[in-house]
Amino acid sequence: MGDLLGVAVLGAGHMGADHIRRLDRVVSGARVVAVADPETDRAEEATAGVEGVSVHADPEAALDAPGVQAVLIASPGPAHEEALLAAFARGLPVLCEKPLVPDAAGALRVVEAESRLGRRLTQVGFMRRYDAEYLRLKTLLDSGRLGKALMLHCTHRNVSSPPGFTTAMLINSSVSHEIDAARWLLGQEPTAVTVLRPGPSSNAPDGLLDPQFVLFETSGGALVDVEIFVNSGFGYQVRCEAVCEGGSARIGDGHSMVVTTADGAREEVAQDYLVRFADAYDREVQAWVDATVQGRVTGPSAWDGYASSVVAEAGVRAQESGAREAVILAPRPELYGVR
């Protein structure tokens, strides 16, 4: 046990509980030593059967628990900035679920705080970068075999939206994944956002303008469109097609099982992101543990988290204005390299 990386998990909700299970049963080289959640009963339930773990209502108490060497933040987005700064103060490496911080100003404060340390401590949980299909598409685009990328067509559908889900969250919660994936796949920054929408689906709760069509322009001249539909009623679907000068490549079609019976054939559709991206989450957390044990930080950076928040804010402005909204990023600190 002493050779395993001791991890404090902040947040024991849907995502946090899954990460606790993953660290305890799937990932090698780490163990959960502390969990914090304001609802300690929920934390107790999530850690049932996990040996040697302490439960706390206060996140900082979990960070200070014996044996903590790294932090996985899976609490609601508004709590991330305080938790990240507390981890920085203790020199603890962090895997932070997206968003890094929901608002761009807060995300920039995190970037600046990490820059003052002079070293990276943060990996942001954009798990699509660890999905096998996305990795294949990234490799293909980087190889140049299809020539210059011209467009990305993206689809993001959920069965239904949770209580309290707002129109702005279509962009800053759901489409944030496509924002990061597009930046990563293309190696370009979004420069402007336009949002269009049909009449809302009758499946959408009152007041939620769902679905929507989001269009990003990029620094390299590519266009990225996203159909976001969080109350499709039938399944969780994520697809991406890259259209290039010399061909196209599409992912997301073959991630299901076909069941054949006497009544016919039926294709199963994932109902949840934890099902569709289970392997990606496993690879993401394993990569974080492996790098942390070696004293390295890899994967999406705090700057990537900040950039996603800036683009998302422009998208929300475009929702409200109905106009094309520019994306303006702060100067990129040297710590995060040059694009």
Test log, rule side-chain contact (heavy atoms from CB on, under 4.5 Å), inputs Val195 and Phe213: CA-CA 6 Å; Val195 178; Phe213 186 85; over 6 Å; no

If I take atom CZ from residue Phe126 and atom OG from residue Ser176, how far apart are they, to the nearest 0.5 angstrom? 5.5 Å

Listing, residues 296-303 side-chain donor-acceptor contacts under 3.5 Å, not counting sequence neighbours, or none:
residue : atom : partner : partner atom : Å
Arg296  : NE   : Gln294  : OE1          : 2.9
Arg296  : NH2  : Gln294  : OE1          : 2.7
Ser301  : OG   : Trp303  : N            : 3.2
Ser301  : OG   : Asp304  : N            : 3.3
Ser301  : OG   : Asp304  : OD2          : 3.3

From Ser174 OG over to Tyr273 OH, what is the distance, rounded to the nearest 0.5 angstrom? 10.0 Å

Taking Gln212 for its side chain and Leu209 for its backbone only, find out whether a donor-acceptor pair lies under 3.5 Å. yes

Shortest non-hydrogen pair, Ala326 vs Arg317, comes out as O-NH2, 3.0 Å

Could you check whether Asp131 pairs with Arg128 (Lys NZ or Arg NE/NH1/NH2 to Asp/Glu carboxylate O, under 4.0 Å)? no

For residues 241-251, tabulate all N or O donor-acceptor pairs below 3.5 Å that involve a side-chain atom, not counting sequence neighbours.
residue : atom : partner : partner atom : Å
Glu245  : OE1  : Lys148  : N            : 3.2
Arg250  : NE   : Asp253  : OD2          : 2.4
Arg250  : NH2  : Asp253  : OD2          : 3.2

With a 4.5 Å cut-off on side-chain heavy-atom distances among I, L, V, M, F, W and Y, is there a chain of contacts connecting Val214 to Leu223? no

Can you tell me if CD on Glu112 sees more than 12 non-hydrogen neighbours from other groups inside 6.0 Å? yes

Can you confirm whether the side chains of Glu313 and Ser309 place a donor and an acceptor under 3.5 Å from each other? no

Kindly indicate, with the supporting measurements, whether the criterion side-chain contact (heavy atoms from CB on, under 4.5 Å) is fulfilled by Met151 and Val224. CA-CA 6 Å; Met151 293 178 284; Val224 180; over 6 Å; no

Is any side-chain heavy atom of Val68 closer than 4.5 Å to a side-chain heavy atom of Leu92? yes

Just by distance, no angles: are the side chains of Tyr336 and Glu114 close enough, under 3.5 Å, to form a donor-acceptor pair? yes

Got a second to check how far Gln123's CD is from Thr292's OG1, nearest 0.5 Å? 7.5 Å

Can Ile73 be reached from Leu5 by stepping across I, L, V, M, F, W or Y side chains whose heavy atoms are under 4.5 Å apart? no

Can you name the closest pair of heavy atoms from Leu63 and Ala8 and give their distance? CD2-CB, 4.5 Å

Test item: Phe165 and Val230 side chains (from C-beta on) under 4.5 Å apart, heavy atoms: yes

May I have all residue pairs that pass salt bridge (Lys or Arg N to Asp or Glu O under 4.0 Å) and include part of residues 41-50, sequence neighbours excluded? Asp37-Arg42

Donor-acceptor pair between Thr155 and His153 side chains, under 3.5 angstrom: no

State which residues pass side chain to side chain donor-acceptor pair (under 3.5 Å) with Asp64; sequence neighbours excluded, sorted by chain then number. Arg90

Pair Asp290-Gln286, side-chain hydrogen bond (donor to acceptor under 3.5 Å, both in side chains): steps then yes or no: CA-CA 6 Å; Asp290 291 345; Gln286 186 66 69; 2.9 Å; yes

Given side chains that start at C-beta, do those of Leu140 and Leu146 come closer than 4.5 Å, heavy atoms only? yes

Compare all side-chain heavy atoms of Val35 with those of Ile20 and state whether any distance is below 4.5 angstrom. yes

Without placing hydrogens or testing angles, list every side-chain donor-acceptor pair under 3.5 Å for residues 94-106, not counting sequence neighbours.
residue : atom : partner : partner atom : Å
Glu97   : OE2  : His19   : NE2          : 2.8
Lys98   : NZ   : Ser173  : O            : 2.4
Asp103  : OD2  : Gly106  : N            : 2.7

Checking one residue: Tyr130. Which other hydrophobic residues are in its cluster under the side-chain 4.5 Å linking rule? none

Are Tyr306 and Val327 linked, directly or through intermediate hydrophobic residues, by side-chain heavy-atom contacts shorter than 4.5 Å (ILVMFWY only)? yes

Point-to-point distance, once rounded to the nearest 0.5 Å, from CG of Leu23 to CG of Leu4: 11.0 Å

Common cluster, Val71/Val50, ILVMFWY with side-chain heavy-atom separation under 4.5 Å: no

Which residues share a side chain to side chain donor-acceptor pair (under 3.5 Å) with Ser232, sequence neighbours left out: none

Which atoms form the tightest heavy-atom contact between Leu186 and Ala149, and what is the distance? CD2-CB, 3.6 Å

Enumerate the side-chain hydrogen bond (donor to acceptor under 3.5 Å, both in side chains) contacts for residues 160-169, please, sequence neighbours excluded, ordered by first and then second residue. Ser161-Asn231

Asp282 side chain reached by Phe277 side chain, heavy atoms, under 4.5 Å: no

Give a yes or no on whether a salt bridge exists between Asp279 and Arg283, defined as a side-chain N under 4.0 angstrom from a carboxylate O. no

Given side chains that start at C-beta, do those of Asp225 and Cys154 come closer than 4.5 Å, heavy atoms only? no

Is any NZ, NE, NH1 or NH2 atom of the basic residue among Lys138 and Glu133 found under 4.0 Å from an Asp or Glu carboxylate oxygen of the other? no

If we count only N and O atoms by modelled type, under 3.5 Å, do the side chains of His156 and Glu178 hold a donor and an acceptor together? yes

Can you pull the salt bridge (Lys or Arg N to Asp or Glu O under 4.0 Å) pairs that have at least one residue in residues 193-210, sequence neighbours excluded? none

Begin with the C-alpha distance, continue with both residues' side-chain angles, and end with the deciding distance and a verdict on side-chain contact (heavy atoms from CB on, under 4.5 Å) for Glu82 and Leu84. CA-CA 6 Å; Glu82 184 177 355; Leu84 283 159; over 6 Å; no

Can you name the residues that form a side chain to side chain donor-acceptor pair (under 3.5 Å) with Arg120, not counting sequence neighbours? none

Please answer: with hydrophobic residues joined when any side-chain heavy atoms are less than 4.5 Å apart, are Val238 and Tyr281 in the same cluster? yes

Not counting sequence neighbours, which residues clear side chain to side chain donor-acceptor pair (under 3.5 Å) with Asn172? List them please. none

Checking Thr218 side chain against Glu189 main chain: does a donor-acceptor pair fall under 3.5 Å? no

In Å and rounded to the nearest 0.5 Å, what is the CE to OG distance from Met15 to Ser75? 12.5 Å

Taking C-beta and beyond as the side chain, do Leu208 and Leu170 meet within less than 4.5 Å on heavy atoms? yes

Contact list for residues 100-121, test ring-ring contact (aromatic ring centres under 6.0 Å, His included), sequence neighbours left out: none

Do the side chains of Arg129 and Glu284 get close enough for a salt bridge, i.e. N-O under 4.0 angstrom? no

Tightest non-hydrogen contact, residues His56 and Ala65, listed as NE2-CB, 3.9 Å

Pairing of Glu51 and Arg31 as salt bridge, 4.0 angstrom limit: no

Can you name the nearest heavy-atom pair linking Gly315 to Val193, along with the distance? CA-CG1, 3.8 Å

Nearest 0.5 Å, please: how far is CZ in Phe88 from CG in Leu117? 6.5 Å

